[in-house]
Amino acid sequence: MWRVISERFQQGFRTGKFPLEEPKLPPRFRGLPRFDGECPSGCRACEQLCPFGACAVREGKMVIDLGRCLFCADCPACPQGRITFGNDYRLAVRRRQDLLYSGAAYPLAEPLEPARLKLFGRSLKLRQVSAGGCNACEADCNVLGTLVFDLGRFGIQFVASPRHADGILLTGPVTENMRSAVLDTYEAVPGPKVVIAVGACGVNGGPFIHSSETNQGLDTLLPVDLYIPGCPPQPYTILDGLLRLLGRR
Amino acid sequence: MMKNDLEAQLLKNGGTVDLTLVESLGYDEFSRCLLAEVKAGGRVAALFGVPGEGKNESLELFALIARDRSAQIAVYRTEVGASFPSLALSCPQVHLFEREIAEQYGVTPTDHPWLKPVRFHRVWQGETDVWGRPLDTHPRPGDMEFYRVEGEGVHEVAVGPVHAGIIEPGHFRFQCYGEKVMHLEISLGYQHRGIEPMLLAGPHPFTMAQMETTAGDTTIGHGLAYCQVIEALSGCVVPERAQSIRAMALELERLANHVGDIGALAGDIGFLPTASFCGRLRGDYLNLSAALCGSRFGRGLVRPGGVLFDLDVTLTNTVLTRIDEIEGNTLGALNLFFDEPSVLGRLEGAGRVSRSVAEDLGLVGVAAKACGVPRDSRFFHPTGVYRQLFDEMITEETGDAMARAHLRLREIVVSIDLLRRIGTSLPAGPVKVPVGPLKANTLAVSLVEGWRGEVVHVGITDAGGRLRRYKIVDPSFHNWSGLAMALRDEQISDFPLCNKSFGLSYCGFDL
């Protein structure tokens, strides 16, 4: 017992001050994209060059679909090198079209509407379902339960049964082999409920967008309340999104 | 030692062989060679089907046998028709490879003792489903004949695909007599994303991202294995500095996952101090990967030709200093765990796998080494900086959950030491070189010792230098069978502990 207590002091106090203090992310972290300069007139190269179809040119301006973007370190999309990734980790949105980003103000997630906010604002229990996730998004959800993030202090908890849950948090592109299990889990959650898609796969199929064995994301099957992009999203991106959904940021 | 009459084409890890030099054997001769190789100590690293080019729907089988003691990989090749005699009874380690071939190409390994679907997808070519499932609809996952024990007091427990925690899906079917598990059958495929077929005619612009997410917790392992195949096929020589940075990333990945796994074991046992410390420490190792390349999982670091991110002196020192800081905390948290009698009482004897079962099933990595079976491609088939720096392969003897946990502790110590040695001796020079076109009609193989064990990638090009077949073998492909055996005669309540002690990948298996 004494050894445990002494080790506890050795390890120190590790819970972060988030959301009172912003997290310190490494300089090489790739967050919200930045656009340098203007697109040359008529150039649409990025529409072909992004392997995941994340880029489009609309009225002479490049638009990146953050739901498809994998934040690749060697982003091949722009031959002019206009795309770089900034350090802003806050990326969660409420509507799919809000993920279309062209450099203007980014519409971060608004809180749930009053009826559900009243129910879930101080206590949200989520059932996590992995449906073709590669275990990176899953790991970054799991890590929120560790003492660094201490998800429980926000009243948010991952629970073991859909019957105990207020909603589902899904990772993975929804493989064909998991489709019915995802729908069953959703049905088993008592309403009203929330649905959260985490990671590029869950939002739009991610690296597997071209696969005939997957469903290109959760909103092809269910209404989604919160989209958290990234491959995988930084844990703080997920936490920030959850807190915004509950009107806590 | 190897017999002289086995005249196979031999290659090294990261090597290639011209396909025209690989003689196609009759199936009898093929199976004789394969069995003789295994008898002489070889391992079936990969066995897979390759459709014939053009014309009729012929199917070739390729077997890659790892000869660990001579650091060589032998390649055998044969052609089969609608069926071929199964070798699973005389060589159990091919059982899953044969099931996979049956599911993918609709050919039947006759007299296979356990012929069931592996991943539940439609057949890739032809009009034959070995199990007679309709071809116009997607097969239903888990739809197969499970092994059943019947009798008074015998009951069946079905778990999954969705589990209670934040983990990937899979189905477990236990045959129990009271609390005792007589048999566990594991049915996967829920994570199947169809990665191998998407590689055909590749590499494609999206391929690298798919390799990094084949098993996301093994981003570096699978990413590196793929890059080594592409580099071998294009004859590209990776700069030494890039090799060193890759090895650092691979060891950081091992550290994060080993520390996290021991923490999760502590959680399952209910020893919360270590569970909670390790949860934090795992993140510290992941954050070091993020310092290297921006991604906690190492996404974007390894690319064909080298690495995308260099380390300057400041960053190298930051990483090494940080390692010094967290090493004390790591060992403190782990020693607390391994000195606790109640922890040892739970781990010792739980989920034991014998050495002979491990060898028969072809287990790799942590699961094999814990049974006293030496399997580590960093040691037997080293590439890059491992040729000079890695000499401390760890094995344990008891084959139980304790051995698998303790092996991780010892590997953590070795990996931290390796990181320091690599970090303080980074060669100068570039970190990336251009990669040329791929050689035509060539086979390349790459073995990487990921944190779970040996990751095998094999690429075969067509006459135009595009990928004609790409085979991925995650260590979990072999090791799930080990878990099934470990549960025999165990209490069903020990399943979470045994499962965690193996720590296997669902998506790496399902592809």
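In what follows, every chain begins at residue 1, and chains take the letters A, B, ... in the order their sequences are listed. Quick note: numbers below take in every heavy atom, side chains included, and nothing from hydrogens, waters or symmetry partners.
In this structure, no portion of P27(A) lies under 4.5 Å from any heavy atom of chain B. Residue contact with chain A, scored on non-hydrogen atoms closer than 4.5 Å, involves the side chain of I195(B) exclusively. At a 4.5 Å heavy-atom cutoff, H204(B) makes no contact with chain A through either its backbone or its side chain. If you measure heavy-atom distances from D510(B) to chain A, you find no contacts under 4.5 Å at all. The contact between V159(A) and chain B is made entirely by backbone atoms, counting heavy-atom distances below 4.5 Å. In this structure, chain B has a heavy atom under 4.5 Å from the side chain of P26(A), while its backbone stays farther away. For a residue to count as touching a neighbouring chain, one of its non-hydrogen atoms must lie under 4.5 Å from one of that chain's; by this rule F297(B) touches chain A with the side chain only. F52(A) touches chain B through its side chain: at least one heavy atom from C-beta onward sits under 4.5 Å away, while N, CA, C and O do not. Residue L281(B) touches chain A through its side chain alone, counting heavy-atom pairs closer than 4.5 Å. Of the atoms belonging to S130(A), heavy atoms from both backbone and side chain fall under 4.5 Å from chain B. Both the backbone and the side chain of A333(B) come within contact range of chain A, with heavy atoms under 4.5 Å apart. Of the atoms belonging to L272(B), not a single heavy atom falls under 4.5 Å from chain A. For P139(B), the part sitting under 4.5 Å from any heavy atom of chain A is the backbone (N, CA, C, O) and nothing else. Looking at V4(A), the atoms closer than 4.5 Å to chain B (heavy atoms on both sides) sit in the backbone and in the side chain alike. Residue R179(A): no heavy atom, backbone or side chain, is found under 4.5 Å from chain B. Of the atoms belonging to R296(B), it is side-chain heavy atoms, and not backbone ones, that fall under 4.5 Å from chain A. For S161(A), no part lies near chain B; criterion is any non-hydrogen pair under 4.5 Å. Of the two parts of C141(A), the backbone and the side chain both hold a non-hydrogen atom closer than 4.5 Å to a non-hydrogen atom of chain B. Within the 4.5 angstrom heavy-atom criterion, atoms from both the backbone and the side chain of L336(B) approach chain A.
The shortest side-chain heavy-atom distance between R8(A) and P273(B) does not fall under the 4.5 Å cut-off. Within the 4.5 Å cutoff, the side chain of R280(B) has heavy atoms near those of the Q11(A) side chain. Taking 4.5 Å as the limit, some side-chain heavy atom of R193(B) sits within range of a side-chain heavy atom of C134(A). Inter-residue side-chain proximity for N329(B) and R14(A) is flagged as met; some heavy-atom pair is nearer than 4.5 Å. Between Y506(B) and N135(A) the shortest side-chain heavy-atom distance does not fall below 4.5 Å.
Rounded to the nearest 0.5 angstrom, C231(A) SG and E212(B) CD are separated by 8.0 Å. Atom CG of residue L169(A) and atom CD1 of residue I166(B) lie 7.5 Å apart, to the nearest 0.5 angstrom. In this structure, CG in N335(B) is found 8.5 Å from CD in E7(A), a value given to the nearest 0.5 Å. Within the model, atoms CE of M1(A) and CD of E340(B) stand 10.0 Å from one another, a figure rounded to the nearest 0.5 Å.
The residue among N287(B), L292(B), T219(B) with the most heavy atom pairs within less than 4.5 Å of chain A is L292(B). Between chain A and the options G279(B), G142(B), S295(B), P169(B), the largest number of non-hydrogen pairs under 4.5 Å is found for P169(B). For the options P197(B), A164(B), G300(B), heavy-atom pairs under 4.5 Å to chain A are most numerous at A164(B). Chosen from A215(B), G263(B), S505(B), S276(B), the residue pairing most often with chain A at heavy-atom distances under 4.5 Å is S276(B). Chain B forms more heavy-atom pairs under 4.5 Å with one residue of A73(A), G145(A), C72(A) than with any other, namely A73(A). No other option in G133(A), C201(A), A139(A) has as many heavy-atom pairs under 4.5 Å with chain B as G133(A). With chain A as the partner, the residue from G283(B), G260(B), C293(B), C278(B) showing the most heavy-atom pairs under 4.5 Å is C293(B). Ranked by heavy-atom pairs under 4.5 Å with chain B, the list H210(A), E138(A), Q10(A) is led by H210(A). Annotation: maximal heavy-atom pairing with chain B below 4.5 Å, among L25(A), D140(A), L70(A), V143(A), occurs at D140(A). Contact count against chain A (heavy-atom pairs under 4.5 Å) is highest for D310(B) among L286(B), T214(B), D310(B). Note on P207(A), A181(A), P232(A), P162(A): by heavy-atom pairs under 4.5 Å with chain B, the leading option is P207(A).
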Pair R299(B), F71(A) - check side chain to side chain contact (heavy atoms under 4.5 Å, CB included), show working.
CA-CA 9 Å; R299(B) 306 267 155 96; F71(A) 301 77; over 6 Å; no
Begin from the C-alpha positions of N177(A) and H121(B) and carry the test side chain to side chain contact (heavy atoms under 4.5 Å, CB included) through to its verdict.
CA-CA 8 Å; N177(A) 282 346; H121(B) 57 74; 5.8 Å; no
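In this structure, R3(A) places its CZ atom where more than 12 heavy-atom neighbours from other residues, nucleotides or ligands lie under 6.0 Å away. The environment of CD in Q48(A) is sparse: at most 12 heavy-atom neighbours from other residues, nucleotides or ligands sit within 6.0 Å. By the 6.0 Å contact criterion, CZ on R163(A) is open, its count of non-hydrogen atoms from other residues, nucleotides or ligands being 12 or less.
Within the structure, every pair that satisfies the salt bridge (charged side-chain N to carboxylate O under 4.0 Å, His left out) test and touches residues 68-77 of chain A, not counting sequence neighbours, is listed here: D65(A)-R68(A), D74(A)-R303(B).
With hydrogens and angles left out, the side-chain atoms of R282(B) and N142(A) include no donor and acceptor closer than 3.5 Å. Using modelled atom types, one finds no donor on one side chain facing an acceptor on the other under 3.5 Å when comparing H192(B) with E176(A).
The nearest pair of heavy atoms linking R28(A) to A291(B) is CD-O, 3.6 Å. Among all heavy-atom pairs drawn from Y190(B) and T175(A), the shortest one is O-OG1, 2.6 Å.
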